[in-house]
Amino acid sequence: MSPRPPLTRRFNVRIPLRDGITLAADLVLPAERPAPAVVMRTPYGRGGDRATERADAFANAGYAAVWVDVRGRGDSDGLFDPYRNDGLDGVDVIAWTAAQEWCDGAVATYGGSYPGRIQWLTALHQPPALRAMIVLVTPADPFVENPTGVPSPMHVHWFRMTDGRANQYTEAVDWMEVYRHRPLVDLDDAAGFHSARWREECRHHTLDDFWEPLRYQHRIAEVDVPVLHISGWYDDEEIATPANFAAMTAAGRSGQRLLMGPWGHQVNSDRKLGEVDFGHESVVDLYAIMTGFLDEMVRRRAPAEPVAPARVFLMGANEWLDLPAWPPPGSAERSWYLDSDGGATSRFGDGRLLDAVPGADVPTDEWLHDPDRPVPFITAASSAQIGGPDDFAGVETRGDVLVFTSEPLTEPLEVIGPVRLVAHVSTSAPDTDVAAKLLDVHPNGFAQRLCDGLVRLRYRGGHERAVPVEPGAVYEVVVEMWDTAQRFEPGHRIRVEIASSAHPKFAVNLGTGADETQATEGVIARNVLYHDADRPSRLVLTVVPTPSS
C-alpha cells in the first residue's frame, strides 16, 4: 500500500466578516487541491485531539477542513452572544471558504449540538456555495425540548462552561445543590458566577421576538440542500432530528438521510450506555458514512450500493433497520388505555395498561405534587448528557408517581416512531405539570427508561401565550414523549409513569401561577387523573407489525 499523501496544516487563519471582525480558523488541506471544503464552527474550541481527528478524517477523504471558533469564543474576535450572530457569520465563512485557491467552490458544513443548530440558521440565508450539511444532535426550536417556559436548571451548567472565551472547568461546583436553589433566576450566583444571558432567558417565558434568532424549524422548508441528520435515541435533544428529516422530506428536498443510533448526546462513542449494552453493531464507522454522504451529494459520485433514506437502530433487538421514510411505512398508532381501581400510586399499586377502553364507572387516581420534594429525574450533573436508559424502579416506589403497567407480552412488539400520552387531568392549584415516561420493564424488574415528556398546564395550548388554569377543571393534555425504536420482547411489560416533576431535567412548577424564575415559595397541588370511557387517558405508540404478529 502506498503511503497516504501528506496533509497541509495552517493555524489561526483569520476569516474576515462583514462587520470588520475576524474569526480564527485552523485548516487541514488534502494533497489534491482545489477540493470541496467542510466547514465546522464551534464555541467549544476548534483545536484538540477530537477536533483534529475529525478534521483529519475529512481531509484524508479529500475535503479541505475549515475548523472555526465562533464569534467571541477561542481566538475569534467579538462578543459571544449564543446563536444570535451565527447565521450571517456562517454565510460569510462559507463565502470566504469558497473563494480560496485551495477550494473548488463547493462547501459543506458539519457539526453537532450548538454547531448543528447554527448550520440551520445559516442555511436559512441560502448561501450560494453551500452544497450539503451534516447535522448531529441538533437542538430544536425554543420550548420544544423544554416546555416549561423557563430554562432547565441544568442549562446554567452550559452557561458556566461557555463563560468567557475558553471552556471553563465545571467539576468544582456541586451542581445538584445548585439545581435545588431558588429563585431560578439566581442559579448563576449559586454556581459562583454571573451570567447576563442566563438572566435574560429567564425573562422570556413565551415565544416572543427574543427567541426568533434561535428559531429555524418553522422555516425549514426554505432550506434546499441535502442533509445527513444524525442523533441517538438517548440524546437529550433527540426530538429535532427525526422531525427535521421528516419536514425536509415532506417539503420535497432531495438528498435527506437519517441516522439514529442507541446513543446519547455523544453519538457513536460506546456500545454501552448506562447499564445497557447495545451490542457490537451499535458502534458504526461514522466517518465512512459522513464522507460517503459528501461524496454522493457534493462530488456526485454514485455509492457502491444503494443507501436507504433512514437507518435506525432497533433497541431490544439490537439491530439496524433500513427504512424508506420516517416514521416507518406500515406503522400504525396503537393505544393502551390507563386503568386502575383508584390506587395506581407507585409500582406497587393497581395501575394497568389495557387494549380496550375502560368502563364508565372507573375511579380516578390522585397524586400530590410537593414542589419542595420533586420527583427526581435520573441523570449525571453535567448538561453534556441528561439521562439515559436508566432504571426507574426505585423512583416508582414514591407515592407521588402514578404507574400503569401492561401484562407481560406474549409476542414481540416493535415500537418505532413518536410516542405520546393523552391525559385527562385536573389540579387544585393555579398551575401544575404533567410529566410522562415510557419504560420497558424487563422480566427481572429493570424498568428501562425509553423516552419522556412534559406539559405545563398554562402552556397546554402552545408557547405563544400562557392561558389560565382553573382549579378543579378537567383538561385534556397531550404529552409529546419524543421518539424511540424499541423491541419489547416476550415477557417484558410496557409501563408509563405520570408525575408532576422530573427534576433537574425540568424546572419545578411551584404551582402558584406566578413567575417561576422569581418565586421561592410554592403550593402543594392535588392532581387527579381521569381514565373512564368518557375521558380515556391513553398511551399512544407507533407500532410496526412483526412477522409473528
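No experiment lies behind these values; they were computed from the predicted model shown.
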Within the side chain of [X], is there an N or O that forms a donor-acceptor pair under 3.5 Å with the backbone of [Y]?
X      : Y      : value
Thr122 : Ile118 : yes
Thr148 : Val150 : yes
Arg449 : Lys437 : no
Thr97  : Val93  : yes
Asn60  : Phe58  : no
His218 : Arg215 : no
Asp26  : Trp67  : no

I need the [X] [atom1] to [Y] [atom2] distance, nearest 0.5 Å.
X      : Y      : atom1 : atom2 : result
Thr241 : Ile230 : OG1   : CD1   : 9.0 Å
Leu439 : Leu450 : CG    : CG    : 6.5 Å
His194 : Arg160 : NE2   : CZ    : 13.0 Å

Suppose we call two aromatic rings close when their centres sit under 6.0 Å apart. Are Tyr114 and Tyr83 close by that rule?
yes
State yes or no: are the ring centers of Phe506 and Phe377 separated by less than 6.0 Å?
no
Measure the acute angle between the ring planes of Trp120 and Tyr216, then classify it against the limits of 30° and 60° as parallel, tilted or perpendicular.
parallel
Would you call the rings of Trp158 and His155 parallel, tilted or perpendicular if under 30° counts as parallel and over 60° as perpendicular?
parallel
Within the 3.5 Å criterion, strictly below it, is a donor on Gln448 or Asp391 matched to an acceptor on the partner's side chain?
no
Do Gln486 and Asp440 have a side chain donor and acceptor closer than 3.5 Å?
yes
Can you spot which of Phe210, Tyr459, Trp211 makes a ring-ring contact (aromatic ring centres under 6.0 Å, His included) with Phe143?
Trp211
Which heavy atom of [X] sits nearest a heavy atom of [Y], and at what distance?
X      : Y      : answer
Leu130 : Val225 : O-CG1, 3.7 Å
Leu184 : Glu516 : CB-O, 4.0 Å
Gly74  : Asp69  : CA-OD2, 3.5 Å
Gly255 : Phe293 : O-CE1, 3.6 Å

Kindly determine whether Tyr179 and Asp174 satisfy side-chain hydrogen bond (donor to acceptor under 3.5 Å, both in side chains), including the steps that lead there.
CA-CA 9 Å; Tyr179 301 151; Asp174 183 347; over 6 Å; no
SB check [X] [Y] (cutoff 4.0 Å):
X      : Y      : value
Arg33  : Glu101 : no
Arg257 : Glu296 : yes
Arg117 : Asp86  : no
Arg199 : Asp186 : yes
Asp77  : Arg165 : no
Arg203 : Glu200 : yes
Lys505 : Asp452 : yes
Arg219 : Glu222 : yes

Which pairs would a plain distance check flag for residues 310-318, meaning a side-chain donor or acceptor within less than 3.5 Å of a matching protein atom at least two apart in sequence or in another chain?
from, atom 1, to, atom 2, distance (Å)
Arg311, NH1, Asp322, OD1, 2.6
Arg311, NH1, Asp322, OD2, 3.2
Asn318, ND2, Phe278, O, 3.4

Could you tell me if the side chain of His265 sits less than 4.5 Å from the side chain of Val267, heavy atoms only?
no
Can you confirm whether Val178 sits close enough to Val173 that some side-chain heavy atom of one is under 4.5 Å from a side-chain heavy atom of the other?
yes
Residue pairs meeting salt bridge (charged side-chain N to carboxylate O under 4.0 Å, His left out), one or both in residues 228-248, sequence neighbours left out, come to none
For Tyr110 and Gln119, what are the C-alpha separation, side-chain angles and deciding distance, and is it a side-chain hydrogen bond (donor to acceptor under 3.5 Å, both in side chains)?
CA-CA 8 Å; Tyr110 157 80; Gln119 291 181 68; over 6 Å; no
Result for side chain to side chain contact (heavy atoms under 4.5 Å, CB included) between Pro147 and one of His463, Arg456, Glu480 points to His463
